[in-house]
Asks: 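Supplied in structure tokens, the structure appears directly below.
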Amino acid sequence: MNCQNEAGEDDYHPGHHHGHGHGHDHGHGHDHDHSHDQPADTGMADSLFSKVNLDLVRCLNESTPDSIKRVFKPYHQRLDTTQFASSDPDDPELLVYVPFTAMIKLKSIFIWGGPNDSSPSEVRVFANREDLDFDSIGDAEPTQQWALARGAREPVEYPVRATKFGSVRSLVLHFPSCFAGDESTVYFLAFRGEWSELRDKPVVAIYELKPNAADHKTPSSELMGHHSIH
């Protein structure tokens, strides 16, 4: 299957297809510097591992604080079950906020909750929504959602609709439930796609003869960087 195509909500590919022998050139062809703060990933074409802003990743309802950061691993460590995140024992819902250090053109998401029924049963993904929490997530329309594979023994790749994820600064992944029981477990999350450097918006000076203070109250830019996921 050509991973460039738009996918239906239930489309997925088992992890053993990740070699991507499609004949595509995955060298990106970008002119920017590919130096990374995180170790380089190996074994997955177009990996965005190094572009996840791990310091700012957050998760609501995880049983151990910051454990969600452990599931973002290099691809060769995808089957490592010693590092994982789980929900509170009496509530399987998880809400994961993932910011990036670059502008992302997302191609697919890899998700693995292990072969057991504590694996999440579905995911709702929201692009560029930093305002979501458990109070607002139920009424929000996801950018795309999937029923997840049950009993998978390796990460599963879920291609996204390219037109919906062309300019991504952050993602929210909502896992409402697991297949059985009251505790969800996630072992691996990863992303495939292209990226470009973020460029700061130019400072535009606006000259007013008589500035009106009321016109400058609480600009929306002051809210950037604040989100409900702590």
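As the structure is a prediction and not an experimental result, all values here were calculated from the model.
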Asks: Residues two or more places apart in sequence or in another chain: which of them pass ring-ring contact (aromatic ring centres under 6.0 Å, His included) with Phe100?
Replies: Phe191

Asks: Would you name the heavy atoms of Glu130 and Tyr97 that are closest together and state the gap between them?
Replies: OE2-OH, 3.0 Å

Asks: Verify side chain to side chain contact (heavy atoms under 4.5 Å, CB included) between Leu132 and Phe126, making sure each step is shown before the conclusion.
Replies: CA-CA 9 Å; Leu132 297 173; Phe126 302 80; 3.6 Å; yes

Asks: Could you list the residues that satisfy side-chain hydrogen bond (donor to acceptor under 3.5 Å, both in side chains) with Ser63, not counting sequence neighbours?
Replies: Ser86

Asks: List in chain and number order the residues that pass side-chain hydrogen bond (donor to acceptor under 3.5 Å, both in side chains) with Thr64, two or more places apart in sequence or in another chain; answer none if no residue qualifies.
Replies: none

Asks: For the residue pair Tyr187 and Gln83, confirm or rule out a side-chain donor-acceptor distance under 3.5 Å.
Replies: no

Asks: Does the side chain to side chain contact (heavy atoms under 4.5 Å, CB included) test come out yes or no for Leu95 and Phe134, once each step is laid out?
Replies: CA-CA 8 Å; Leu95 191 62; Phe134 284 140; 3.6 Å; yes

Asks: Suppose we screen for side chain to side chain contact (heavy atoms under 4.5 Å, CB included). Which residues come up paired with Asn116, at least two apart in sequence or across chains?
Replies: Ser118

Asks: Between Leu56 and Pro99, which heavy-atom pair has the shortest distance, and what is it?
Replies: CB-CG, 3.6 Å

Asks: Could you work out, with salt bridge (charged side-chain N to carboxylate O under 4.0 Å, His left out) as the rule, every residue matching Arg129, not counting sequence neighbours?
Replies: Asp131

Asks: Any chance you could measure Lys107, atom NZ, to Ile109, atom CD1, to the nearest 0.5 Å?
Replies: 14.5 Å

Asks: With sequence neighbours excluded, tell me which residues meet salt bridge (charged side-chain N to carboxylate O under 4.0 Å, His left out) with Asp80.
Replies: none

Asks: For Thr101 and Ser50, which heavy atoms make the closest approach, and how far apart are they?
Replies: OG1-O, 4.2 Å

Asks: Do we see a donor-acceptor contact under 3.5 Å between the side chains of Ser108 and Glu157?
Replies: yes

Asks: Could you list the residues that satisfy ring-ring contact (aromatic ring centres under 6.0 Å, His included) with Phe165, not counting sequence neighbours?
Replies: none

Asks: Minimum heavy-atom separation for Leu94 to Asn61, with atom names?
Replies: CD2-O, 3.7 Å

Asks: List the atom of Tyr158, the atom of Ala147, and the distance in Å for their closest heavy-atom pair.
Replies: CE2-O, 4.2 Å

Asks: Sorted by first residue and then second, give each salt bridge (Lys or Arg N to Asp or Glu O under 4.0 Å) pair with at least one member in residues 84-101; sequence neighbours left out.
Replies: none

Asks: For residues 135-143, dump all side-chain donor-acceptor pairs below 3.5 Å to protein atoms at least two apart in sequence or in another chain.
Replies:
unit_1: Ser136; atom_1: OG; unit_2: Asp133; atom_2: N; d: 3.1
unit_1: Ser136; atom_1: OG; unit_2: Asp133; atom_2: O; d: 3.4
unit_1: Ser136; atom_1: OG; unit_2: Asp133; atom_2: OD1; d: 3.2
unit_1: Thr143; atom_1: OG1; unit_2: Ala127; atom_2: N; d: 3.0

Asks: Kindly determine whether Phe84 and Ile68 satisfy side chain to side chain contact (heavy atoms under 4.5 Å, CB included), including the steps that lead there.
Replies: CA-CA 7 Å; Phe84 61 91; Ile68 193 64; over 6 Å; no

Asks: Keeping to residues at least two apart or across chains, list the salt bridge (Lys or Arg N to Asp or Glu O under 4.0 Å) pairs with something in residues 112-128.
Replies: Asp117-Arg150

Asks: Under the side chain to side chain contact (heavy atoms under 4.5 Å, CB included) rule, what do Phe179 and Ser121 come out as? Steps first, then yes or no, please.
Replies: CA-CA 5 Å; Phe179 286 102; Ser121 57; 3.7 Å; yes

Asks: Who are the side chain to side chain contact (heavy atoms under 4.5 Å, CB included) partners of Asp182, not counting sequence neighbours?
Replies: none

Asks: What pairs with Asp66 under salt bridge (charged side-chain N to carboxylate O under 4.0 Å, His left out), at least two apart in sequence or on another chain?
Replies: Lys69

